[in-house]
There are 2 protein chains.
Amino acid sequence: MDNTRGSGESLLFLTDAHLRRGIEAMFFAYRGFTADPDRILADHGYGRAHHRAVHFINRTPGTTVNNLLAILGVTKQSLNRVLRTLIEDGLVESRVGRRDKRERHLFLTDKGAALESELSEAQRARMRAAFRDAGPQAVAGFRAVLEAMMDPEQKHQFDAVQEVSE
Amino acid sequence: MDNTRGSGESLLFLTDAHLRRGIEAMFFAYRGFTADPDRILADHGYGRAHHRAVHFINRTPGTTVNNLLAILGVTKQSLNRVLRTLIEDGLVESRVGRRDKRERHLFLTDKGAALESELSEAQRARMRAAFRDAGPQAVAGFRAVLEAMMDPEQKHQFDAVQEVSE
DNA sequence: CATATTACGTCAGCCTTGTTGACATTCCAA
DNA sequence: TTGGAATGTCAACAAGGCTGACGTAATATG
């Protein structure tokens, strides 16, 4: 009866079979998670790396390159290559910092915002359908498990990004 | 009060802010999900593609190349490159089919099983910690949302793999 | 039996996206 | 003024996707 974190807790949900099922669910679900954006990106000649950059620039406008590097966890050379094409194509604007002129602050142009919107609407649509199917309690559990799965550093970045929207 | 799928259901959990949070949680959590195996793989000179192959060969021993292609959703050229190195390195054995000699049935050798075990134990450890932190109800929700997020084809593959263990 | 199809392997070439290492520039801060 | 931080850039490389083409063996089908 008491399956909800007590002293008499049943730990049947921690068997290897359950863990394996969770692992495989992550694998297949992540493919679904990226499928719609991938199609859109391919139409525009971009890849997932562009999506990630555009997403987080939209999320925290004016963010610096270093900031973005910390969030994305890639090398500056990798990010720079992506950023360069986005700037050349007029999706991202890079402004020299007013206080610290070494820093570049990144913003989406209207064109960049349009792509971001297209991508995120597709991704939200799938997430919305999944959330609706599963129900609010399931969604709470979904989030709890995902947050517990992050590395401390990743969790820190995640929390930092969430704070922006408050 | 009634937030659990009824006619008077509250849909506050479907706001864009909640969806966005779910999307970002998937992004950061997937990094955690792959972090431990990635480290182990790097030590052995392999990549994620090898992990995936080894995982599913272990899961359904004797599976054919075509079968594996359907599960992994890559081209045969991509899979073949990975499979070739695994066979050369003595982690995977490829046996010509008895009934249909065109088919190759794939098996892990002891060496392959050892790597698989090392990888999956690391991944299970993280999943176990996350499951334990979040509790059984959360785990149920986690799975429900992930399964709802899969494409129909992916869901089919997922279900097929789950059936093996019954 | 002849032919089509399937399963698999392989060669060649291309792209994205990650990596290291090296080096230049700009500019803040001690 | 000088050290170090932030940024950009060049070169080279690797993993792992992709397409297209071709070959071979074996099965399925007419």
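Labels below follow one simple rule: chain letters A, B, ... track the order of the sequence lines, proteins then strands, and each chain is numbered from 1. Excluded from the calculations below are hydrogen atoms, water molecules and symmetry mates; all remaining heavy atoms, backbone and side chain alike, are included. None of these values were measured; they are calculated from a predicted model.
Between B/Y46 and A/L83, it is A/L83 whose nearest contact on DNA chain D lies nearer the 5' terminus. Place B/T64 and B/Q77 on DNA chain C by their nearest nucleotides, and B/T64 ends up nearer the 5' end.
At least one donor-acceptor pair under 3.5 Å links the side chain of A/K111 to the backbone N or O of A/D89. Looking only at distances, a side-chain donor or acceptor of A/T109 sits under 3.5 Å from a matching main-chain atom of A/L91.
Both B/I23 and B/Y30 are part of a single hydrophobic cluster, where members link through side-chain heavy atoms under 4.5 Å apart. A/I40 and B/L19 fall within the same hydrophobic cluster, where Ile, Leu, Val, Met, Phe, Trp and Tyr residues are linked whenever their side-chain heavy atoms come under 4.5 Å apart, directly or through other members. Connection of A/F107 to A/Y46 is not established within any shared hydrophobic cluster, with ILVMFWY side chains joined at heavy-atom distances below 4.5 Å, either directly or through further cluster members.
Rounded to whole Å, atom P of C/dT16 lies 13 Å from atom CZ of A/R84. Across the protein-nucleic acid pair, B/L79 atom CG and C/dA7 atom P stand 15 Å apart, rounded to whole Å.
The existence of a salt bridge linking B/D43 and B/R39 is excluded, since no basic side-chain nitrogen approaches an acidic carboxylate oxygen closer than 4.0 Å.
Cation-pi check for A/R52 over B/F27 is not met; the charged atom does not lie both under 6.0 angstrom from the ring centroid and within 45 degrees of its normal.
In terms of phosphate contacts, A/R52 brings a side-chain nitrogen or oxygen within less than 4.0 Å of OP1 or OP2 of C/dG18. The side chain of A/H50 contributes no N or O atom lying less than 4.0 Å from OP1 or OP2 of C/dT16.
No engagement by B/H105 is indicated, since no non-hydrogen atom pair under 4.0 Å with the nucleic acid exists. Nucleic acid contact for B/R48: sugar-phosphate only, since backbone atoms but no base atoms lie under 4.0 Å from a heavy atom of the residue.
First and last contacting nucleotides of DNA chain D toward chain B (any atom under 4.0 angstrom from a heavy atom, 5' to 3' order): D/dG16 to D/dT27.
Under the side chain to side chain donor-acceptor pair (under 3.5 Å) criterion, B/H44 pairs with B/E118, sequence neighbours left out. Residues passing the side-chain contact (heavy atoms from CB on, under 4.5 Å) test with A/A140, sequence neighbours excluded: none.
For the segment residues 65-76 of chain B, residues with any heavy atom less than 4.0 angstrom from an atom of DNA chain C are, sorted by number, B/V65, B/N66, B/K76. DNA chain C lies under 4.0 Å from no heavy atom of any residue of residues 88-101 of chain B. Within residues 24-41 of chain A, no residue has any heavy atom closer than 4.0 Å to DNA chain C.
The local environment of CD in B/Q77 is crowded, with over 12 non-hydrogen atoms from other residues, nucleotides or ligands closer than 6.0 Å. The local environment of CD in A/E153 is sparse, with at most 12 non-hydrogen atoms from other residues, nucleotides or ligands closer than 6.0 Å.
Aromatic ring orientation, B/F142 versus A/F142: parallel (interplanar angle below 30°, classes split at 30° and 60°).
One distance of note links CG of A/L83 with CZ of A/R104; it measures 11.0 Å at 0.5 Å rounding.
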